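Every value quoted in this text rests on a predicted model; they were computed, and no experiment measured them. Just follow the structure's listing: the first ligand is 1, and inside any ligand the first atom is 1. The residues of the chain are indexed from 1 along the displayed sequence.
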Amino acid sequence: MTSIGALGENYQKFNPRAYLQNNYMPPRADFSSEDCAVPWKMRCLAEAFATGEIRGRTLIDIGSGPTIYQLLSACDHFEEIILTDYLEVNRQVLRRWLHEDPGGFDWSPYFKHACSLEGKGEHWKEKAQKLREKVKRVLPIDIHQAQPLGPSTLLEPADALVSAFCLEASSPDLESFQRALANVTTLLKPGGHFLMIGALEESYYLAGEAKLQVVPVTEADVKETLVRSGYRICQFRAYIMPPSLKIGVDDVRGIFFVNAQKQECQ
Ligand SMILES: Nc1ncnc2c1ncn2[C@@H]1O[C@@H](CSCCNC[C@@H]2Cc3ccc([N+](=O)[O-])cc3CN2)[C@@H](O)[C@H]1O
C-alpha cells in the first residue's frame with residue numbers, strides 16, 4: 001500500500017518534459033480534431049468562463065504541474081492568478097515560460113485554439129501577454145497539508161480554484177483524495193467556483209523514469225467527494241478516451257470536467 005510519503009518520494013523522478021511530450025503533443029493534443037482530449041478540455045474551460053459567472057480578483061491553480069493551458073480562458077476574468085505545484089522542477093518550468101525563456105514548451109497552438117474557441121478576435125500573443133501579466137506568484141503546495149500553501153502565506157481565500165489532474169495523481173487512496181479536497185477547499189471563498197479536470201479510473205501514469213501511482217476514481221466518487229466537501233455540482237462532463245489515444249503512457253479510461261460551487265453555509 002503506497003503511503004503519501006512514498007508517493008511524494010516517487011515524484012522526485014517526475015520529468016516535466018517527458019510528461020509534456022506524453023500528454024500535450026499529438027496525438028493527445030491534436031487541434032484539428034474537436035474530439036481529441038486536449039481540445040475537449042479546453043472547450044469545457046472556455047465554455048465555463050464564457051458564462052461570466054466565474055470571475056473575481058484572484059484565482060488559484062492547484063497543482064499546475066508544468067502546464068498553463070488550464071488558465072488560458074480564465075485570464076480575462078481575474079486580476080491575479082496564482083500558480084502552484086509540489087515540485088520545484090515544475091515551478092521552474094512555469095517561471096521559464098513567464099520570463100519568456102527560449103527553449104521552453106511551445107504553448108502557441110494552445111493560445112491560438114483558446115482565442116478561436118472564445119471568438120473575441122483576440123490575437124494569441126495578446127492573450128499570452130495578458131496571462132503573463134496576471135500570473136503574480138508561483139508557489140509551492142502540498143494538498144495533503146491542512147493549509148496546502150503553508151501557514152505563512154498571507155493569502156486570503158480565492159474567488160475561484162482551477163485544478164487539472166492533481167488530486168487523484170497525488171493521493172494513494174480515496175480517503176486521502178477526499179481529505180485533499182477538503183484541504184484545498186479552505187483556499188476558496190464560499191460561493192466561489194472550483195473547476196476541476198481529472199483522470200477517470202486511472203491507476204498509473206509515466207513521466208520519464210517516474211511511474212506514478214494514481215487513485216482510480218469514478219464519476220460517482222468525484223461527485224460524492226465534492227458534495228461531501230460542501231459543493232453544489234453545477235456541471236459535470238466526461239470524455240471517454242478513444243483507443244487511438246491509449247498510447248501506453250498511462251491507463252486512463254476517461255477525463256472528467258466539473259464546475260462545482262462552494263456552498264455559502266457549511
Ligand atoms: N502532495 C501534492 N500536492 C500538490 N501537488 C502534488 C502533490 N503531489 C504531486 N503533485 C503534483 O501533481 C502532479 C500533477 S500532473 C498529474 C498527471 N496526471 C496523470 C495524467 C494526466 C493527463 C493529462 C492529459 C491527458 N489527455 O488525454 O489529454 C490524460 C492524462 C492522464 N494522465 C504533478 O504536477 C505533481 O507535482
remark   = Nearest non-hydrogen protein atom to atom 25 (C) of ligand 1, with distance, is N23 OD1, 3.7 Å
ask   = How does M241 reach ligand 1, if at all, at less than 4.0 Å between non-hydrogen atoms: by side chain, backbone, both, or neither?
value = side chain
request  = Taking only heavy atoms of A37 into account, list the atoms of ligand 1 that are under 4.0 Å away from them.
outcome  = 26 (N), 27 (O), 28 (O)
query = More than 12 foreign heavy atoms under 6.0 Å from NZ of K120: is that the case here?
reply = yes
remark   = Distance col, row L59:CG vs I81:CD1, nearest 0.5 angstrom, shows 5.5 Å
note = A student comparing Y86, W40, Y11 should find that the heavy atom closest to atom 6 (C) of ligand 1 comes from Y86
query = Can an N or O of I143 be found at a distance shorter than 3.5 Å from an N or O of ligand 1?
reply = yes
inquiry  = Considering both backbone and side-chain atoms of D142, is one of its nitrogen or oxygen atoms within less than 3.5 Å of a nitrogen or oxygen in ligand 1?
reply    = yes
key: Proximity flag I255 to ligand 1, non-hydrogen atoms under 4.0 Å   = yes
query = Atoms of ligand 1 less than 4.0 Å from H144 heavy atoms?
reply = 1 (N)
task = Answer yes or no: is there a side-chain heavy-atom contact under 4.5 Å between L195 and L161?
result = no
task = Output, in order, the C-alpha distance, side-chain angles, deciding distance and verdict of ring pair (Phe, Tyr, Trp, His ring centres under 6.0 Å) for F14 and Y19.
result = CA-CA 8 Å; F14 180 95; Y19 174 70; 5.3 Å; yes
remark   = Residue pairs passing the salt bridge (charged side-chain N to carboxylate O under 4.0 Å, His left out) test with at least one member in residues 202-216, sequence neighbours excluded, are none
key: Nearest protein heavy atom with distance in Å, relative to atom 16 (C) of ligand 1   = F165 O, 2.9 Å
inquiry  = Show me which atoms of ligand 1 lie under 4.0 Å from any heavy atom of C166.
reply    = 4 (C), 5 (N), 12 (O)
Atom 24 (C) of ligand 1 [closest protein heavy-atom partner, distance rounded to 0.1 Å] = K41 NZ, 3.3 Å
Any N90 side-chain heavy atom under 4.5 Å of Y11 side chain = no
task = Please report the closest heavy-atom contact between A146 and P148, naming both atoms and the distance.
result = O-CD, 3.2 Å
query = How many angstroms lie between atom OG1 of T51 and atom CZ of F49, to the nearest 0.5 angstrom?
reply = 9.0 Å
ask   = Who's the nearest protein heavy-atom neighbour of atom 36 (O) of ligand 1, and how far?
value = D85 OD2, 2.6 Å
inquiry  = Within the 4.5 Å heavy-atom criterion, are E80 and R137 side-chain neighbours or not?
reply    = yes
message = Would you compute the distance between atom CD of E224 and atom OG of S229 and round it to the nearest 0.5 angstrom?
response = 11.0 Å
query = N/O to N/O below 3.5 Å, does that happen between S64 and ligand 1?
reply = no
query = Which option out of S170, P140, P27 puts a heavy atom nearest to atom 9 (C) of ligand 1?
reply = S170
ask   = With backbone taken as N, CA, C and O and side chain as the heavy atoms from C-beta onward, which portion of L7 lies under 4.0 Å from ligand 1: side chain, backbone, both, or neither?
value = neither
remark   = The closest protein heavy-atom partner of atom 19 (C) of ligand 1 is E202 OE1, 3.3 Å
note = When distances are taken from atom 29 (C) of ligand 1, the protein heavy atom at minimum range is R28 NH1, 3.5 Å
request  = Determine, step by step, whether Y24 and Y69 satisfy the ring pair (Phe, Tyr, Trp, His ring centres under 6.0 Å) criterion, reporting the C-alpha distance in whole Å, the side-chain angles of both residues, the deciding distance to 0.1 Å, and the verdict.
outcome  = CA-CA 9 Å; Y24 295 99; Y69 73 94; 4.9 Å; yes
request  = Within a distance under 4.0 Å of any heavy atom of L87, pick out the atoms of ligand 1 and give their elements.
outcome  = 36 (O)
Atoms in ligand 1 with a heavy atom of I141 nearer than 4.0 Å = 3 (N), 4 (C)
Y24, Y19, Y204, Y69: member with heavy atom nearest to atom 17 (C) of ligand 1 = Y19
ask   = Would you say N90 touches ligand 1, if touching means a heavy atom closer than 4.0 Å?
value = yes
inquiry  = Taking the side chain as everything from C-beta on, heavy atoms only, tell me whether I54 gets closer than 4.5 Å to N259.
reply    = yes
request  = Give the numbers and elements of all ligand 1 atoms closer than 4.0 Å to a heavy atom of A169.
outcome  = 16 (C), 18 (N)
Pairwise side-chain contact, Y231 with Q263, heavy-atom cut-off 4.5 Å (strictly under) = no
task = Give the minimum heavy-atom separation between V93 and P16, together with the two atoms involved.
result = CG2-CB, 3.9 Å
note = Per-atom filter on ligand 1: closer than 4.0 angstrom to a heavy atom of G65 are 34 (O)
